[in-house]
Chemist: 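This is the structure, below, for whatever I ask next.
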Amino acid sequence: MLIALIAIYAAVSVNALFLIWLERKISGRIQRRQGPMLCGPKMMAQKSMWLGGWFATACDATKLIFKEDIIPSKVDRLGFILAPIVVMLAAIAVYVPIPWSATSYHQTEQVTFAFADLNVGLLYIVAVPSLTVFSILTAGWSSNNKYSMLGGFRSVVQMLSYEIPMVFALMGPIILAGSLSLGDIVKAQTQGLFGIPFLGWFIIPSVIGAAVYFICAIAESNRPPFDMPESEQELGTGFNTEYSGMRFAMFYLAEFSNAFVVSSIFTAVFLGGWSIPGITPPPELNLGFCILPYFDLLVGLVVFSIKAYSVLLILMWIRWTFVRVRPDHLMNFGWKFLLPLSIANVIVCTVIAAVQQIYYGGLS
Amino acid sequence: MPFSMDIYAWDSFPIDTLLFWCFAAVMLISGLCVVTVKRVFHAGIAMIVCFVCAAGIYALLGCPFMAALQLLVYVGAIATMLLFAVMLTDKMMEPRPNTTFFQPFMGLFASVLLFGLLWLTVSSSKFGFAGWANSTAASSSAIDITSLSTTNIGLRLLTPYAVPFELISVIILATLIAAIALARKEDRSPADSGTPADAPASPAEPASTPAKE
Amino acid sequence: MYQLELHSVLSVAALLFCIGLYGVLTRRNSIAMLMGLELMFNAVNINLVAFAHFLPHLDGIILAMFGLAVAAAESAIGIAIILSIYRNFRHIDTDGINELKG
Amino acid sequence: MSTFPPNPDLVTEEFELKMGPHHPSTHGVLQLSLTLDGERVVACRPNVGFLHRSIEKIMEHRTYAQGVPLADRVDYCSAMTSSLAYVMAVEKLLDLTIPPRAEYLRVIMSELNRIASHLLAYGTFTLDLGGTTPFLFGFRDREKVLDLFEETCGARLLYNYMRIGGVACDIKPGFLDRMIAFLDYWEPLLSSEYEAIIDENPIFYNRTKGVGVLSQADALRYGVCGPNLRACGLNNDIRKIEPYSVYPELEFDVPIRTEGDTFARYRIRMEELRQSARILRQCAEKLPKGEYLARQPYELKVPAGETYVRIESSRGDLGCYLVSDGSERPYRCKFRTPSFSHCSVFSHLFRDCLFSDIVAMSASFDIVLPETDR
Amino acid sequence: MNRDEFIKAANQAMPDLHAKADTANPDAIVVNSADLHGLCLWMRDDPAAQLTYFEFVTAQDWPDRDEIVLVYSLYSHPLGHRLMVKTALPRRDPQIETVSDIWEGANWSEREVYDLFGVTFSRHPDLRRIMMFDGWEGYPLRKDYTHPNLIHRPE
């Protein structure tokens, strides 16, 4: 039990470090410069731009860890110290139900390989970010300066008002798959839609839901173009203005692991997790695929990570090309545009599920 | 590393009872903090810790659906609202003494008395469920009401309990409208509502209660 | 002895209920009073879920969910009232608010 | 104009926020003391003077020739044009005619400086709105212009290139070809990269269209000039209405827009970049041979008199009012700078808008603090 | 309209003005400080002048003639001409009426002249020091201004 927890924490932080490096390389590429090249072995840097400087984030992390983190005197100590811890906790807790892959080596039936495939997976994923909402609020309020308070309020308002369209957008796949657990959703996507084997992915029946979820996910994880709360130009990095050293590193890592979680949920729910359309066998048929023990586990893992990282690249690409949205446009867009759209998506998905149920004998 | 959690050998060591008592202990301690801590903001944080532990207990008691709901509704909505209220009303930097001399003992006495009463009833009663459970299991409804899985809750919620489900939505709508009506300026109310409500400070501190700040 | 018994859960919930009651009775700041109230609601929900688990019967959870919704609605109204009181009296000490003119 | 009048229903309290001298988006050391009502700005009072080096006082103790580097520092973002104003004022007092090659070199240098300053404005404007990529595009190409300056006058920001009677030194042999090469490389980029990433972006549209609208009457009342006044629909380009040096021989047109909002000001600057490139190409062909400096004695004595010369710097009409009493030191030298009047518009304009609009509007005015405080 | 037509039109519009041409500055007229405000109103509203654009106001300190000369510079976009108005004020306590009610642009320029020369503008909405911090004493741009830590360059 304990080993699994440590494994999650290690995987998350290493992944976050890698993401920061990837982000800086991508942003470099978009801005026609090379991104970090200096830290890291020289000869790799010569070989190609993509290999250079992969040691950069490690240097940043160690610098941040050893930097003396000052707690300003007029600060509410409990809230100030607690906020980054809770943010990190929530960022890691969201990894639990994600279905990385599946294997049918042991049992007769496919078992999803996840840290713990809860049968309330999606609801858990929607519930845990409410911890980040609380911690951003406490961070903004307890660092007792006007800018961070403004930043804290803005981010809470943004996250709360984008949670509702997100839940409705996720409702579509739940109806189609008939269960909350992510493993079942991915399994439901392996069969085809209306009998055609290739249209299995849920992005096809609930396209609107996928788009709405993608936008809400960007807003939830405070990434540009919705990063009004910590916009340097106005609020001086918003709620984490007073933080430095290790605490700031925690906020930073949490933001990046949030980005990865969001893209992996998007792959699991909309892009058919570990399933390759047409090739991955439906759950009951388990024999033909595993030549070596756990081979289908590895294949699933590779397919899942390819999809997750492609969604992440789109996230990063958006980050470096868009201008920041103004808070009141944000609110109008969220309430007046996304919410009705996501409710419409729920109706569309129920119709498709009903048709599926009557004519083709149901998905799961 | 065992590739899936649920085949881990549970029964050899009573992990869930241990976990339950940890959650219960943390919850009670944070509950105590909520009632005793000087600054209301810290009380808010302690309350959130208490809610999270309650969510843990629900998960242990075999219904993760309730745990996720609790996290979503209590921690996400109610606690955030309370913290907002604290921020709007509390001056951060000057903690005020919050209880007069005699008040805590009265409250303490009342609650200890209540706890004694409850504890007696709880420990003495013998809950003979065995007979009762299977008698109702064969009841008319097709849903197997003994297994607490989410699908059963959903089905049960909408077939026999459809009316209360709709009633709840009416209640929440009413609260929404009431909250908005309260937040607006009262000067809209008819003129004879006594002192104009939006005078920033009430004209004179009521003489009867000496200012305690 | 290791198996979880119902009465242990019930006693924990009862203790939480009493702590909430103590909070409501002694706290001067009305927001802290509201927090005590929320604790009591939580205790009630734990009881319901405990019965649902040990009985085992589904209605416990459904009642707990309804309880949850009502508690949320109640605290929303409570906060709205407190804020309008704060706007009139500039402080929210429960002792200070005792005139009915409003 | 998307204004946000106070909402009569809600009881709110205003709080004071100092967008202090040390703030990432005030383009230098300007303090805006805002009274905010939540997100909405109720009133704004700009405080300046944090960068006051009293250049005019120092000038009174320097000879005329020593004044040129000081004039550079009045506006370090476009140093060529600020020293040009001072030098032309002195020449007008001396009524000295300078060799045509020097005139053309001056025009080339001030137009290159206008391109560099507008690229800076484009970069900081998009950066303040949140787009980091355009910022890097702008600064990458600005480096190339600064290389051209470094090659001729050895400095990248404060060039000390103008002299009374001409320019400091002649341009290197290959300078014109390198300049034309830069223009060929850079001009297509304007539409393919700069505007492609920003202009059609709906978020950018919402953030800038109809934000910070300044009517022409208000602009004139507050003394706004340069691109910001041309955005309100009035042609006040001094190179056209009061042509000085060789501008009559060069043909270029002046972009005018009528909306007067943040987007219009941004569009005007992008068009001006294209016009400057056009002027530079014409100057490259017409550059005459010959002397580049009519040498003046070091202890230059200027006959007593007063004059006011106005030129079109990148931020607006930069004027130099020079009073001399016959000695070798100016008696009084006053710089009329555009950013000073633009700053005074802020108190009128930043009312009933959102906190994040302030950043967009102040960036669109492209104010530079050394000019405001002198 | 060049300077002489301005003088003719101004004298004709306001009989007791008797504006004179300035010797040093080719396009400036000299007016005594009392009726400057009336002249400015006329300049802005008169269809022939239409000097709607206020460029700057500055001062020259002449200690030997014991006077501070204020210089107003106005420009007209529609008609494309410029006029500068000069008035002399005593050095001890220079006082003049503000023109910021005619052009708002004058507000900050007058504050700068007040800050650096000590000329008080009556009825100015917000006469504070603009360049120096409020506690500063003395007026830096006056010729006889000295400050304890002001070091003069050796001649």
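FYI, side chains are in, hydrogens and waters are out, and symmetry mates aren't considered; it's all heavy atoms of this structure. Per chain, numbering begins at 1; letters A, B, ... match sequence-line order.
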Chemist: Among C:E38, C:E74, C:M33, which residue forms the greatest number of heavy-atom pairs with chain B at distances under 4.5 Å?
Modeler: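 The candidate making the most pairs under 4.5 Å is C:E38.
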Chemist: With chain B, which of C:I81, C:V24, C:V9 has the greatest number of heavy-atom pairs at distances under 4.5 Å?
Modeler: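 Highest number of pairs under 4.5 Å: C:V9.
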Chemist: To the nearest 0.5 angstrom, please state how far the CG atom of B:L118 sits from the CG atom of C:L10.
Modeler: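 Those atoms lie 10.0 Å apart.
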Chemist: Select one option (side chain, backbone, both, neither) describing which atoms of C:I79 are under 4.5 Å from chain B's heavy atoms.
Modeler: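 For C:I79, the side chain is the part near chain B, not the backbone.
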Chemist: Can you check whether B:C63 reaches C:H53 side chain to side chain, under 4.5 Å on heavy atoms?
Modeler: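 No; the side chains remain at least 4.5 Å from each other.
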Chemist: State, to 0.1 Å, how close C:G23 and B:V35 come at their nearest heavy-atom pair, and which atoms those are.
Modeler: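 Heavy-atom minimum between the residues: CA-CG1, 2.7 Å.
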Chemist: side-chain contact (heavy atoms from CB on, under 4.5 Å) between B:L88 and C:Y86: does it pass, once the steps are laid out?
Modeler: CA-CA 9 Å; B:L88 287 178; C:Y86 179 79; 5.9 Å; no
Chemist: Side chain, backbone, both or neither: which part of C:A13 has an atom under 4.5 Å from a heavy atom of chain B?
Modeler: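 Looking at C:A13, nothing touches chain B.
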Chemist: Can you tell me which of C:L21, C:V70, C:L39 forms the most heavy-atom pairs within a distance under 4.5 Å of chain B?
Modeler: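 Of C:L21, C:V70, C:L39, C:L39 has the most heavy-atom pairs under 4.5 Å with chain B.
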Chemist: Under 4.5 Å heavy-atom distance to chain C, tell me which part of B:V34 shows up: side chain, backbone, both or neither.
Modeler: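 Both parts, heavy atoms under 4.5 Å.
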Chemist: How many angstroms lie between CD1 in B:I78 and OG in C:S75, if you round to the nearest 0.5 Å?
Modeler: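 Answer for the CD1-OG pair, B:I78 versus C:S75, is 4.0 Å.
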Chemist: Quick one: are B:L61 and C:F54 in side-chain contact, heavy atoms under 4.5 Å?
Modeler: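 The answer is yes, as the side chains (C-beta and beyond) meet within the 4.5 Å cut-off.
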Chemist: How close do B:A85 and C:I31 get, heavy atom to heavy atom, and via which atoms?
Modeler: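 Where B:A85 meets C:I31 most closely, the heavy atoms are CB-CD1, 3.2 Å.
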Chemist: What's the spacing between C:F66 CZ and B:Y161 OH if we round to 0.5 Å?
Modeler: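 Reported value, rounded in 0.5 Å steps: 8.0 Å.
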Chemist: Quick one: are C:L68 and B:M66 in side-chain contact, heavy atoms under 4.5 Å?
Modeler: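 Yes, at least one pair of side-chain atoms sits under 4.5 Å.
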Chemist: Can you tell me how far apart CD1 (C:I61) and CD1 (B:I153) are? Round to the nearest 0.5 Å.
Modeler: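 It is 4.0 Å, given to the nearest 0.5 Å.
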Chemist: For B:F20, is it the side chain, the backbone, both or neither that has a heavy atom under 4.5 Å from a heavy atom of chain C?
Modeler: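 For B:F20, the contact with chain C is made by the side chain alone.
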Chemist: For C:F17, which atoms come within 4.5 Å of any heavy atom of chain B: side chain, backbone, both, or neither?
Modeler: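 Contact with chain B involves the side chain of C:F17 alone.
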Chemist: What closest approach, in Å, do B:A179 and C:A80 show between heavy atoms, and which atom pair accounts for it?
Modeler: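 Taking every non-hydrogen atom into account, CA-CB, 4.1 Å.
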Chemist: Taking the side chain as everything from C-beta on, heavy atoms only, tell me whether C:L34 gets closer than 4.5 Å to B:L82.
Modeler: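 Yes. Closest side-chain heavy atoms under 4.5 Å.
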Chemist: Indicate yes or no: at least one non-hydrogen side-chain atom of B:M27 is less than 4.5 angstrom from one of C:N42.
Modeler: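 Of all side-chain heavy-atom pairs linking C:N42 with B:M27, none is under 4.5 Å.
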Chemist: Chain C heavy atoms under 4.5 Å from B:I168: which part of the residue, side chain, backbone, both or neither?
Modeler: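 For B:I168, side-chain heavy atoms alone lie under 4.5 Å from chain C.
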Chemist: Should C:V12 and B:W21 be marked as a side-chain contact (heavy atoms from CB on, under 4.5 Å) after you check the CA-CA gap, both sets of side-chain angles, and the distance that decides it?
Modeler: CA-CA 9 Å; C:V12 163; B:W21 284 110; 3.8 Å; yes
Chemist: Considering only heavy atoms, which portion of B:A43 lies under 4.5 Å from any heavy atom of chain C: side chain, backbone, both, or neither?
Modeler: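 Both the backbone and the side chain of B:A43 come within 4.5 Å of chain C.
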Chemist: Show the nearest heavy-atom pair for residues B:A54 and C:I46, with the distance to one decimal.
Modeler: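 Heavy atoms of B:A54 and C:I46 come nearest at CB-CD1, 4.4 Å.
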Chemist: Can you tell if the side chain of B:V40 reaches within under 4.5 Å of the side chain of C:M35, non-hydrogen atoms only?
Modeler: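 Yes, side chains in contact.
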Chemist: Please list all pairs meeting ring pair (Phe, Tyr, Trp, His ring centres under 6.0 Å) that have one or both residues in residues 58-87 of chain B, counting only residues at least two apart or in different chains.
Modeler: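 Qualifying pairs, neighbours excluded: A:F153-B:F84, B:F51-B:Y74.
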Chemist: Name the region of B:M81, side chain, backbone, both or neither, that has any atom closer than 4.5 Å to a heavy atom of chain C.
Modeler: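 Both the backbone and the side chain of B:M81 come within 4.5 Å of chain C.
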Chemist: For the CG atom of B:L32 and the OH atom of C:Y22, what is their distance to the nearest 0.5 Å?
Modeler: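 If we round to the nearest 0.5 Å, B:L32:CG and C:Y22:OH are 9.0 Å apart.
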Chemist: Relative to chain C, which segment of B:L28 carries a heavy atom at a distance below 4.5 Å: side chain, backbone, both, or neither?
Modeler: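 B:L28 touches chain C through backbone and side-chain heavy atoms alike.
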Chemist: Could you tell me whether the side chain of B:P160 reaches within less than 4.5 Å of the side chain of C:D59, counting heavy atoms only?
Modeler: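 No. Closest side-chain heavy atoms not under 4.5 Å.
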Chemist: Please tell me if the side chains of C:L25 and B:M106 come closer than 4.5 Å, counting only heavy atoms from C-beta onward.
Modeler: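 Side chain of C:L25 against side chain of B:M106, heavy atoms only: no contact under 4.5 Å found.
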Chemist: Distance check, rounded to the nearest 0.5 Å: B:L120 atom CG versus C:S11 atom OG?
Modeler: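 One finds 12.0 Å between CG of B:L120 and OG of C:S11.
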